[in-house]
Asker: 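Before I ask anything, let me first share the structure, which is written out below as structure tokens.
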Amino acid sequence: MTTTLRAVDVIARKRDGGEVPTADLRAFVIAYAAGELPDYQMAAFLMAGYLRGFTRREAETLTEAMVASGDRLDLGRLRGPTVDKHSTGGVADGTTLVVGPLSAALGLQMVKLSGRGLGHTGGTLDKLEAIPGFRVALGAEELLDQVERIGLAVAAQTADLVPADKAIYALRDVTATVGNVALIASSVMSKKLAGGAGCILLDVKAGSGAFMRETAAAVELARLCVDLGRAGGRRTAALVTDMDQPLGELVGNAVEVREAVEVLRGERRGRFLDLCLTLTGHLAALAGVAADPGQGRRDAARALDAGEGLERFRDFVAAQGGDPRVADDPSLLPQAPVALEVRAPAGGWLQAVDTEAVGQVAAALGAGRQRKDDEIDPAVAVELDAKLGDRVDAGQPVGRILARDEHAARTAASGLLAALRWSDRPSQAPPLVHEVVGA
Ligand code: URA
């Protein structure tokens, strides 16, 4: 993109609802990543595309150009099969902490580059950094050595990987153009493709704590992500899963590590474990080490029962400088000084959870960040034991707040109760998996 005229042509084409020719779109994205195109032209293009939509071919080109804008991780020297998983973001959604070790126990090699939490959603790196000593800044060689040795590494994505996405995402954030399926799918899949794994599994969330509130929109996003992964030559599948309530019972950082450890120790069952086994089963099937996802799930359950997942978790934590004793004694994780029980104000069935609000309550306690550079507090948390469809009596405990002081705890307790809607009639719990795409 050497002349202003061609950039204007690209914007005008999109504004008028046409398809931008592949070479022009590619040059447009690459020029922006190289600093040769001003923000206002990219912003105009994004808004035109947001309003007019993108074709499947444009989504592929956007993805491919974003990958080409930076480095790629070359996993060629790993034995494989290499796998990656990605959740589009939710609340109490720390599945990597369980799926990674279980996948490694099944002989897969998981190479995962992760981000930090923002707003109401938590980030894998923040959770892992709650483990004393844990390091997420790994160089490429160290990352690959570790994966070859123990089958798992989770590291911070570097600035050189998909710089175009970084720049475009920041612009989308301030131009009200985040919520477009093609822009989200190309953003997510460019990072997954640059991460190099041969098999990619997406966990696309739908519901009150997700980007996509409606299941139909989440399914559309899942389908496009699978198409983009396959166009990039990877075995790709996606699950559309429920985020109409927090996935696990604990929302925070240290507490989500504790929850994962308890699951790996066989001490905690429920929706979180259920989804972890399902995801691992799908990864095993994608990678060809299980005949189908059902077999993969049974293999994962066997590895869990045999303590192999916990063993891999210990290896993983130790390899990245963390204290592996947290796998045996979660009280070594940071602890908040104040714990406040939250009780149901009246009897009834839990009918709805504003999951985003629950995530915001945890973030306001200090567990998350509103701006990119905010510090987080690893110890504070919200616990929500009640699930959709549960019947409780007035005064019965439904959760707990872990906070720095009494005032913060009381504010969070009111926030949690305000996020719950009760009914005097029985209500149904939603299914955990809404749809499987591409398996
Ligand atoms: N997550 C991403 O990485 N990109 C988006 O556009 C939305 C969510």
Side-chain angles (χ1 to χ4, degrees), residues 87 89-95 119-122 203-215 218 239-252 255-256 258-260 262-263 267-278 339-365 367-368 380-403 408-435:
S87 158
V91 177
D93 181 25
T95 55
H120 72 283
T121 64
D203 179 6
V204 179
K205 300 292 182 187
S208 63
F211 247 104
M212 298 292 176
R213 299 278 155 138
E214 303 302 327
T215 306
L239 304 184
V240 176
T241 70
D242 175 57
M243 192 37 72
D244 255 337
Q245 59 184 322
L247 176 61
E249 291 176 354
L250 308 178
V251 186
V255 292
E256 294 197 37
R258 167 156 68 82
E259 187 164 33
E262 288 168 1
V263 162
E267 295 165 357
R268 189 185 270 273
R269 311 201 82 79
R271 285 162 35 93
F272 176 65
L273 166 64
D274 194 2
L275 186 59
C276 289
L277 293 176
T278 298
L340 178 68
E341 203 99 64
V342 181
R343 294 174 184 277
W349 281 266
L350 183 58
Q351 190 189 39
V353 179
D354 180 344
T355 310
E356 177 173 348
V358 175
Q360 292 291 7
V361 169
L365 276 170
V380 297
V382 172
E383 297 188 14
L384 178 60
D385 304 327
K387 312 275 180 314
L388 290 175
D390 281 1
R391 164 96 177 82
V392 303
D393 295 323
Q396 188 178 323
V398 293
R400 280 201 316 161
I401 303 294
L402 305 179
R410 275 196 299 275
T411 306
S414 323
L416 177 59
L417 286 175
L420 308 179
R421 198 166 77 231
W422 303 92
S423 162
D424 52 10
R425 294 214 207 109
S427 54
Q428 284 263 310
L432 184 54
V433 178
H434 290 296
E435 186 139 340

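Heavy-atom basis, side chains included; hydrogens, waters and symmetry copies ignored.
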Asker: How far apart are the closest heavy atoms of T355 and S208, and which atoms are they?
Answerer: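 That closest heavy-atom pairing would be OG1-OG, 2.7 Å.
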Asker: With S87 as reference, evaluate D93, T95, D203 under the side-chain hydrogen bond (donor to acceptor under 3.5 Å, both in side chains) test and give the passing residue.
Answerer: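 Exactly one pass, corresponding to D93.
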Asker: Just verifying a value: how many Å separate T241 OG1 and H434 NE2, rounded to the nearest 0.5 Å?
Answerer: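 If we round to the nearest 0.5 Å, T241:OG1 and H434:NE2 are 7.5 Å apart.
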Asker: Tell me if a side-chain donor or acceptor on R343 pairs with a main-chain N or O of G395 at a distance below 3.5 Å.
Answerer: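 The answer is yes, because a donor-acceptor pair under 3.5 Å joins these two groups.
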Asker: Hey, what do you get for CD (E383) to CG (L402), rounding to the nearest 0.5 Å?
Answerer: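 Separation between the atoms: 5.0 Å.
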Asker: If we only count heavy atoms from C-beta on, is the L388 to P430 side-chain gap below 4.5 Å?
Answerer: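 Sidechains of P430 and L388: in contact.
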Asker: Rounded at 0.5 Å granularity, tell me how far CD in Q245 sits from CG in D354.
Answerer: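 That separation rounds to 13.0 Å.
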Asker: Please report the C-alpha distance between V342 and L417 in whole Å, then the side-chain angles of each, then the deciding distance to 0.1 Å, and finally whether the side chain to side chain contact (heavy atoms under 4.5 Å, CB included) criterion is met.
Answerer: CA-CA 8 Å; V342 181; L417 286 175; 3.7 Å; yes
Asker: A quick test of your reading: do over 12 heavy atoms of other residues, nucleotides or ligands sit less than 6.0 Å from CD of Q396?
Answerer: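 For Q396, atom CD is crowded (more than 12 foreign heavy atoms under 6.0 Å).
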Asker: Should L247 and L432 count as side-chain neighbours, where that means a heavy-atom distance under 4.5 Å?
Answerer: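 L247 reaches L432 side chain to side chain.
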Asker: Under a 3.5 Å distance rule, please check whether E435 uses its side chain to pair with a backbone N or O of V240 as donor and acceptor.
Answerer: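 Flag not set: sc E435 to bb V240 has no pair under 3.5 Å.
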Asker: Roughly how far, to the nearest 0.5 Å, is OG1 of T215 from CE of M243?
Answerer: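 One gets 12.5 Å once the value is rounded to the nearest 0.5 Å.
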Asker: Test side chain to side chain contact (heavy atoms under 4.5 Å, CB included) on V382 and I401; report intermediate values, then the result.
Answerer: CA-CA 5 Å; V382 172; I401 303 294; 4.1 Å; yes
Asker: Does the side chain of R258 reach to within under 4.5 Å of the side chain of L250, using non-hydrogen atoms?
Answerer: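 A side-chain contact exists here, since the closest heavy-atom pair is under 4.5 Å.
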Asker: Is there a donor-acceptor contact under 3.5 Å from the side chain of S427 to the main chain of L350?
Answerer: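 Looks like yes, one N/O pair under 3.5 Å.
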Asker: A side-chain contact here means heavy atoms from C-beta on lying under 4.5 Å apart; do P246 and V353 qualify?
Answerer: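 Answer yes - side chains close enough.
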Asker: Could you walk me through whether D385 and V398 pass the side chain to side chain contact (heavy atoms under 4.5 Å, CB included) check?
Answerer: CA-CA 5 Å; D385 304 327; V398 293; 5.9 Å; no
Asker: How about CD on Q428, more than 12 heavy atoms from neighbouring residues, nucleotides or ligands closer than 6.0 Å, or not?
Answerer: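 No, because the 6.0 Å sphere around CD of Q428 holds 12 heavy atoms or fewer from other groups.
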Asker: Main chain of G252, side chain of E256: is a donor-acceptor contact present, judged purely on distance under 3.5 Å?
Answerer: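 Side chain of E256 to backbone of G252: a pair is present.
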Asker: CG of D244 to CZ of R213: how many Å apart, nearest 0.5 Å?
Answerer: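 CZ of R213 is found 9.0 Å from CG of D244.
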Asker: I need the D390 CG to W422 CH2 distance, nearest 0.5 Å.
Answerer: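 If I round to the nearest 0.5 Å, the distance is 8.0 Å.
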Asker: Between the side chains of E249 and R271, is the shortest nitrogen-to-carboxylate-oxygen separation below 4.0 Å, so that they form an ion pair?
Answerer: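 Judged by the 4.0 Å cut-off on N to carboxylate O distance, R271 and E249 do not form a salt bridge.
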Asker: Is there side-chain contact between L365 and T411, with heavy atoms separated by less than 4.5 Å?
Answerer: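 With C-beta onward as the side chain, the pair stays apart.
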